[in-house]
Enquirer: 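Have a look at this one before I ask anything.
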Amino acid sequence: MTTFFNHQAIEQKWQRVWADSAINQTGPAKGKKKYILDMFPYPSADGLHVGHPESYTATDIMARYFRFKGFNVLHPMGFDSFGLPAENYAIKQGVHPQIKIQENIVNFRRQIKSLGFSYDWSREVDTSSPEYYKWTQWLFLKLYEQGLAYKRLAPVNWCPSCQTVLANEQVENGKCERCETDVMQKNLEQWFFKVTAYAEELLNKIDDLDYAEALKATQRNWIGKSEGAEIEFVIKNEELRIKVFTTRPDTIFGATYLVLAPEHELVKSLKLKAENLNEIDSYIKAAQKKNKLERTDLAKEKTGVELQGIKAINPANQAEITVWIADYVLTDYGTGAIMAVPAHDERDWEFAKKFNLPIKEVVVKVMGNRKLVAECRDGVAAVLVKNGKVAILYNKKTDEYRIISGGYEADEDDFTTLKREIVEESGYIDFEIKDYLGQIEANFFAKGKNVERHKFHKGYLVNLLSDRTVSTSFEEDEDFNVLWVNMEEAIEKLSTAGSGEDEFVKRVFDFKQRCFAGEGTILNSGKFDGLSSAQAKDKIIKFVGGQKQVQYKIRDWLVSRQRYWGAPIPIIYCVKCGQVPVPEKDLPVLLPQDVDFKPTGESPLARSQSFHQVSCPKCGSPARRESDTMDTFVCSSWYFLRYADAGNQQAAFSPKAVKYWLPVDLYIGGLEHAVGHLIYSRFIVKALRDMGIIKIDEPFLKIRNQGIILAEDGRKMSKRWGNVINPDEVVEEYGADTMRMYEMFMGPLEDMKPWNQKGIIGLRRFLEKIYKYVTSDKEITNAQSQITNADMERSLHKTIKKVTEDIENLRFNTAISAMMIFMNDVAGHEPAVSQDILEKFLIILSPFAPHLAEELWQSLGHPESIFKQRWPAYDDKLVIDEEVTIAIQINGKLRETIKVKRWLSEKELRPKVESLPNVKKFIGGRPIKKFIYIENKLVNIVA
RNA sequence: GCCGCGGUGGCGGAAUUGGCAGACGCGUUGGACUUAAAAUCCAAUAGUAGCAAUACUGUGAGAGUUCGAUUCUCUCCCGCGGCACCA
C-alpha cells in the first residue's frame, strides 16, 4: 500500500504528546459533567479482539465530543482481573496468576493506548490489587451488616470441571457458561446476596431507563414477575393444609386434583398415610436421580404417582379431589405445590389425559368482541341469545369433514341435539361422538337475519360410521354450511368464518388447542358464571380465603466460590462467637501468595494454615477464616463507583465524588452481561442507597450494546476456526485512525456485522484524501466544475449539522458518510476552500481520527492542540437550500423532477408543472382529478 | 410456546411525523496515466426488455388503509437473541 502519510510516525508522536500534556485527565468535580463508560475488559492472554475497539471507539468519540462541547468528562479504563482463566493457566503452566495477569494487563494497556483512546489513565483500577479488593471486601461487610449477605444451606449449581459453585446467571441451558460442562445440583452451605429483596424495584425501574429494548426484555424475563394468589387446600380427615400458588384463581372450580413436587415438605408425612408408600418412595427416588436438565425436559412425557387414599377438598366447591406427586411441579417456585386445572393448563391437561383424571371446563374462549357488537346494535331487530351445538362430521372413508350447527330445542341434552341436527341437515344416521371439542362464546352480527348474536357453542367431533342416509327435506339453509371438504380446505375455508366454528375446526386438527389456557368467560363456577376471568380473579380469591401473591423467578445471587483467584470473603468462624465479620480496620484480607491453587472442590485457601488459622477478632478464641473467595462479578458490580474517586485510600469512594460523577451517562458493552453484571450492579447501587452511602437509584442512565463483529466467513471469530482478526495487525498496516473509522463505518453500533478486510481500504483512502487535500497546495488537477467558497460554506454547515446529530444519536456510520460526502464536494473542485472551513472540518473529524486531525491541525499553523477547541456551531440559514428539487408523480409514478424556489406556492407551481412536456405526455389529455402538492418535496397528479 | 429485535443490490449498509428506494463505502466493469504493474484519477454499476430515448418490475410473502407504503394495520414465513413444565 502506498502511503501518503506515515501513520506510525504521526500516531506515536501524538500519543506521546497527549500523555505528556495530560490532556485527557479528568477535571476537578465542578461544572456540567458526563460520565462515559466502557465495560472494563478481562485481561485475557489473547489480548484485544476487534470487538473491544468497536465499543471503545464509540465511547471515545462521545467523550471527545462532550469535551468539545464544554463538559467535564470522566472517561476511565481498568481491568477486571480476578477470575478463572488466569487461575486455570496458572494450574497448567505453573505461573502464578498474579504474574500472568500483570503481563496480560501490560499487553492490554499497550494495545488500548495504540488506538489513541482518550482515557484518563490516572484513574485506572485493577480488581485483583489489594487496594481495590480491600473495598470489595468492605462492600461485602456492608451488605452483611444489612442482612443482604448471608450464608445458607441450599441446592446450588456445581460445575464438576471448574470445581466450584456457580450463580444461576452463570448457568446456560444447564451447562457451565465457561466450560460447557453439565452443571450438577448439590446441597451446600454458601454465601448469597439478597437480590430478591430488590426484585420489584429492579423490574419497575427498567421502564425509566434508556436501555435497548432487547436488554430491557432480557432483564424483565430474568426477573420473571407473575401475580397470582396463594390458596389453601384442606386434606380430608387430617389437620393438614396444602398451600398452592396460582396465577389463575379464576379457574379454581376446575381444579380436579392437587400436585406436589417430590421435595415438598408435606410429602414426608403424607406418604405415610397413603396406601401405596412403596410406589411413592420409588417414584421420589427416581425423580431425584434426574438432574435439573432432565427434570425440566419439555419433550419428556409427564410422570407422577397418586397418594392413594388421600383426598383434598377444593375450597371453591367442596369437591373431593385426588392428590399426586409429580416432578413436573418445581420445588423452588411458588409453594412447590399446584392445583391442577386440566381444562385450562396444558401441562395439567397432558397429565390428566395420561392418568385419566377428570377434566372440568370452567372458562370459555370469547370469539368476536361484545363491545363491537353492542356498537352496531342500532336498527337490529332482536338480540338473540341462543346456545348452540356444532358438530364436525368426519367421514373416514373419504377423509373429509363437514360442519353442522344447530340450536337446542326445549330441554334436549347434547347428544339428542346433535343426533337430530345431523339427521335433519345431512340425512346421515349412522355415527358416533368421537371427541368433545370444548365450549366457546361467540359474539357476532348475523347479517342475513339482521340480529346480533351472543351465544355459547359446544363443539363435537362426530365420526360417520356408514353411508346410510334417510331422505331429508333439507329445510336448513345450506348456504351457512360448507359441505364436505378435506383437511386443508377445512382449515382454510373455516379459519376466517369468525362466528366460532373456525375455533372448533382448529381444535379438531390441533390437539393442544382443546385445552384452552387463555382467559375468557367463567362457566360452571356457581355464582361467578358469566364474569370475565379478570373480573372473577379477585372475587374468587376472596371467596376461597386466599391471599394475593407475587412471585419472581430471579433468585438470590450465589457469591462464594471454591477457587483461589478472587477476593477472600472477610468472615471468621469463631468456636465461641460463630460467624464474625472481619473488622474494617483489618481489611484487606490479603490473598496468600503461597497457596497450591489446584482446585479440588475444597477452597484452595483452606489449605493455607497461615491464612486459615486465626483468632477471633471479638474474643480471641481460636477461629478459622472463611476460605471461599468471591465471584468476580462482585468486583465488577461496583467498579464504576471507584472510578469516581480511584485513588482514595480512606474509603471505597467519597460520597462527594460519587454525587458529582454518578450516575453513568452512557455505558457501552456487550449484551451478554444483561442478566449478570448489569443486574448485580443495579442491585448494589440500590443496596448502598438504602444504607445512605450514595444517593442514586440507578448506576447507568443509558446503555447501548455493541453488536458482535463476525469473521469474514460470517461465523463468530474463534481460534477454532482460525478466523480471528488481530487489531494489532490492522493498526500496524492501516493505522489506528483507519481502524477506528472502519469499525465505526461498518454499520450501526448495535448490529451484528461481518468483518471485511477489503472494506478497510475505503476508510484509508478517505483519510488520505483529507491528508492530501490539506497538506498539498491544493492544485486540484481534475477540476470538474467551479464552485464558490459560499457553496462550500453551505456544504460544511450541512455536514456539521449531520455529524453533530449523528454523534448524539450514536449513528457513527452515517456521520462518517456525511464527512465523505463533504470531501467529495471539496476535492476535485476549484478553487480550494478557505482555511476556516478546513479547520472546522478537522474538528468534527477529530473524535473519529484524532491523530490525523491533530497532525493536520498543527500543519495549519496551530501550536495548541485541536482538542482544546470548541465544537463548531452550524448556521441554520446555511443548512437550508434556497432551491429544492420537487418530484413530480403522475398517478403515483415518478415522471419528472423540477427545481424551484423553496416554499413556492401551489398557485405559482401548478402552471409550471402542467406545462412540462413529460407531464403532458403522461396525463395524455385526461382531466386532472387531483393535484397534490407537498411543499418542497413532491407533486402527485391524479388523472 | 412466550417476550424482544430484524429481513432493502454481488457485499456492509442509507432513507421513518407515509412523499424521488439503494446515500456512503467495498466489489465489479470500462477508460486515463504507465514499457508494465501497483497506486491514483475519471465513468458506469438493482433487475428485465431495448442500439437508444425509454418502459416495466422491485425493500421476506400475502392482504388492507392511502393520491402515494421500505415506513402504518392485519395474517403468515424466515433469521437472531432472551426466557421456558415458572402453575
Side-chain angles (χ1 to χ4, degrees), chain A residues 1-4 172-173 212-226 228 244-248 251 259 295-300 302 326-330 332-335 337-341 344-348 350-351 495-496 512 517 551-553 671-672 674-675 705 707-708 712 741-742 745-748 750-763 765-766 768-769 772 781-782 784 811 813-814 816-821 824 827-828 885-897 929-943:
Chain A
M1 187 173 62
T2 315
T3 47
F4 285 86
E172 273 175 19
N173 296 322
E213 216 37 62
L215 175 55
K216 289 187 175 189
T218 301
Q219 292 203 351
R220 287 193 191 106
N221 275 343
W222 189 256
I223 294 166
K225 180 182 184 173
S226 55
V244 303
F245 173 73
T246 179
T247 55
R248 295 297 303 276
T251 63
V259 192
R295 282 242 325 231
T296 57
D297 182 5
L298 269 163
K300 184 197 71 171
K302 297 213 171 358
D327 66 3
Y328 81 89
V329 173
L330 304 177
D332 55 358
Y333 185 80
T335 61
I338 60 153
M339 62 176 206
V341 184
H344 305 295
D345 181 281
E346 274 182 31
R347 296 150 299 182
D348 299 341
E350 196 192 318
F351 191 80
S495 65
T496 51
K512 268 191 180 168
Q551 285 289 332
Y552 300 93
K553 284 196 273 189
L671 195 52
E672 69 273 16
V675 296
N705 309 107
I708 296 171
E712 293 207 77
M741 296 280 282
Y742 172 63
F745 188 66
M746 286 173 80
E750 305 204 71
D751 284 10
M752 190 185 277
K753 36 205 178 286
W755 186 267
N756 178 357
Q757 193 67 25
K758 284 206 172 140
I760 301 171
I761 196 71
L763 283 300
R765 281 180 194 145
F766 172 55
E768 281 177 0
K769 191 184 242 182
K772 278 189 281 180
T781 43
N782 287 310
Q784 289 299 300
R811 290 193 302 238
N813 54 333
T814 49
I816 291 172
S817 158
M819 292 189 278
M820 285 173 167
I821 292 168
N824 291 346
T885 305
I886 289 183
I888 294 160
Q889 297 182 336
I890 317 288
N891 291 331
K893 278 191 175 154
L894 181 73
R895 297 298 183 186
E896 188 61 271
T897 61
K929 288 189 200 136
K930 236 179 188 180
F931 188 93
I932 296 151
Y933 173 43
I934 309 298
E935 274 176 330
N936 307 323
K937 278 192 175 157
L938 165 141
V939 166
N940 189 13
I941 297 170
V942 185

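Both backbone and side-chain heavy atoms feed into the values below; hydrogens, waters and symmetry mates do not. This structure is a prediction, so every number in the text was calculated from the model and none was measured. Below, chains carry the letters A, B, ... as their sequence lines are ordered, and counting in each starts from 1.
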Enquirer: Closest approach of A:A340 and A:D348, non-hydrogen atoms and distance?
Expert: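 Distance-wise, the nearest heavy atoms are CA-OD2, 3.3 Å.
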Enquirer: A:T296 side chain N/O closer than 4.0 Å to the phosphate oxygens (OP1, OP2) of B:A84?
Expert: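 For B:A84, OP1/OP2 do not have a side-chain N/O of A:T296 under 4.0 Å.
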Enquirer: Can you figure out which of B:C67, B:G25, B:G4 approaches the side chain of A:E213 most closely?
Expert: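 Nearest nucleotide to the side chain: B:G4.
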Enquirer: Given B:C56, B:A14, B:U40, which nucleotide is nearest the side-chain atoms of A:P748?
Expert: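 Within the option list, the nearest is B:A14.
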Enquirer: State whether A:R895 places a side-chain N or O below 4.0 Å from either non-bridging phosphate oxygen (OP1 or OP2) of B:G68.
Expert: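 For B:G68, neither OP1 nor OP2 has a side-chain N or O of A:R895 closer than 4.0 Å.
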Enquirer: Which part of the nucleic acid, if any, lies within reach of A:M752 when heavy atoms closer than 4.0 Å are counted: base, sugar-phosphate only, or nothing?
Expert: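 It contacts sugar-phosphate atoms only.
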Enquirer: Mind checking A:K300 for me? I need base, sugar-phosphate or nothing, with any heavy atom below 4.0 Å counting as a touch.
Expert: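 Base contact.
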Enquirer: In terms of the angle between their ring planes, are A:F245 and A:Y333 parallel, tilted or perpendicular, with boundaries placed at 30° and 60°?
Expert: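 Perpendicular, since the angle between the ring planes exceeds 60°.
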Enquirer: Any donor-acceptor pair under 3.5 Å linking the side-chain atoms of A:K553 with those of A:N221?
Expert: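 Note: A:N221 and A:K553 side chains miss the donor-acceptor criterion.
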Enquirer: Could you identify the nucleotide paired to B:A69, looking across every strand shown and requiring Watson-Crick or G-U wobble geometry with both distances under 3.5 Å?
Expert: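 Pairing partner, where one exists within any strand: none, as none qualifies.
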Enquirer: Could you walk me through whether A:T251 and A:M339 pass the side-chain contact (heavy atoms from CB on, under 4.5 Å) check?
Expert: CA-CA 10 Å; A:T251 63; A:M339 62 176 206; 3.8 Å; yes
Enquirer: If you check every side-chain atom of A:K302, which of B:A15, B:A87, B:C85 has the closest atom?
Expert: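 Taking heavy atoms from C-beta onward, the closest nucleotide is B:C85.
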Enquirer: Atom CD of A:E672 and atom P of B:C83: how far apart are they, to the nearest Å?
Expert: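 One finds 13 Å between P of B:C83 and CD of A:E672, rounded.
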Enquirer: Can you tell me the base-pairing partner of B:C41? Count Watson-Crick or G-U wobble geometry only, both distances below 3.5 Å, and say none if there is no partner.
Expert: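 Pair assignment: B:C41 / B:G31.
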Enquirer: Pairing check on B:A55: which nucleotide meets the Watson-Crick or G-U wobble criteria with it, both distances under 3.5 Å?
Expert: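 When the pairing criteria are applied, B:U48 turns out to be the nucleotide that pairs with B:A55.
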Enquirer: I want to verify a distance call: between B:A87, B:A23, B:C83, whose nearest atom is closest to the A:W222 side chain?
Expert: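 Per side-chain heavy atoms of A:W222, the pick is B:C83.
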Enquirer: Name the closest nucleotide to the A:F245 side chain, picking from B:G27, B:G4, B:A87.
Expert: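 Minimum distance to the A:F245 side chain belongs to B:A87.
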Enquirer: So what does A:V259 hit on the nucleic acid, given a heavy-atom distance under 4.0 Å: a base, only sugar-phosphate, or nothing?
Expert: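 If one applies the 4.0 Å heavy-atom cut-off, A:V259 turns out to touch nothing in the nucleic acid.
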Enquirer: RNA chain B: A:M820 or A:M746, which has the more 5' nearest nucleotide?
Expert: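 Looking at RNA chain B, the more 5' nearest nucleotide goes with A:M746.
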Enquirer: Watson-Crick or G-U wobble partner for B:G25, using a 3.5 Å limit on both distances?
Expert: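 Its partner is B:C11.
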Enquirer: Does B:G9 fall in syn (glycosidic angle within 90° of 0) or anti?
Expert: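 Syn, angle within 90° of zero.
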Enquirer: Any N or O donor-acceptor pair under 3.5 Å from the base of B:C11 to the side chain of A:K758?
Expert: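 No, no donor-acceptor pair under 3.5 Å.
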Enquirer: Give a yes/no answer on whether the side chain of A:R811 brings an N or O atom under 4.0 Å of OP1 or OP2 in B:C24.
Expert: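 No.
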Enquirer: What's A:R295 touching, base or sugar-phosphate or nothing? Going by heavy atoms closer than 4.0 Å.
Expert: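 The answer is base, as A:R295 lies within the cut-off (heavy atoms under 4.0 Å) of a base atom.
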Enquirer: A:K893 side chain N/O closer than 4.0 Å to the phosphate oxygens (OP1, OP2) of B:G58?
Expert: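 Checking A:K893 against B:G58: no side-chain N or O falls below 4.0 Å of OP1 or OP2.
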Enquirer: Can you figure out which of B:C20, B:C85, B:G12 approaches the side chain of A:P754 most closely?
Expert: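 The listed nucleotide nearest to A:P754's side chain is B:G12.
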Enquirer: Which is true for A:K216 with a 4.0 Å heavy-atom rule: it touches a base, it touches only sugar-phosphate, or it touches nothing?
Expert: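 Answer is nothing: A:K216 stays at 4.0 Å or more from every strand.
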Enquirer: Any N or O donor-acceptor pair under 3.5 Å from the base of B:C67 to the side chain of A:N940?
Expert: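 Between B:C67 and A:N940, which were checked side chain against base, a qualifying N/O pair under 3.5 Å is present.
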Enquirer: Take A:S817 and A:V329, find for each the nucleotide of RNA chain B with the closest heavy atom, and name the residue whose nucleotide sits nearer the 5' end.
Expert: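 In this pair, the answer is A:S817.
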Enquirer: Among B:G12, B:A84, B:C20, which nucleotide sits nearest the side chain of A:K753?
Expert: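 Output: B:G12.
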Enquirer: Can you confirm whether the side chains of A:Y742 and A:N756 place a donor and an acceptor under 3.5 Å from each other?
Expert: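 No.
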Enquirer: Report which part of the nucleic acid A:Q889 touches: base, sugar-phosphate, or nothing (heavy-atom distance under 4.0 Å, all strands).
Expert: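 A:Q889: base contact, heavy atoms under 4.0 Å.
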Enquirer: Report the base-pairing partner of B:G81 (Watson-Crick or G-U wobble, both distances below 3.5 angstrom), or none.
Expert: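 The base-pairing partner of B:G81, which may sit in any strand shown, is B:C3.
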Enquirer: Does A:N813 have a side-chain nitrogen or oxygen under 4.0 Å from the phosphate oxygens OP1 or OP2 of B:A14?
Expert: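 A:N813 to B:A14 OP1/OP2: side-chain N or O found under 4.0 Å.
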Enquirer: Looking for any heavy atom pair under 4.0 Å, which part of the strands does A:D332 touch: base, sugar-phosphate only, or nothing?
Expert: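 Touches nothing.
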Enquirer: Within this structure, what is the CG-CD1 distance for the pair A:N940 and A:I888, rounded to the nearest 0.5 Å?
Expert: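 Here the rounded value is 10.5 Å.
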Enquirer: Choosing from B:G25, B:C26, B:A87, which nucleotide comes nearest the side chain of A:N824?
Expert: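 Between B:G25, B:C26, B:A87, the one nearest the side chain of A:N824 would be B:G25.
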Enquirer: Looking only at side-chain atoms of A:I932, point me to the closest of B:G19, B:A23, B:G4.
Expert: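 Nearest to the side chain of A:I932 among the choices is B:G19.
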Enquirer: Taking only N and O in the side chain of A:Y333, is any of them less than 4.0 Å away from OP1 or OP2 of B:A87?
Expert: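 Answer yes for this pair, as a side-chain N or O of A:Y333 is under 4.0 Å from OP1 or OP2.
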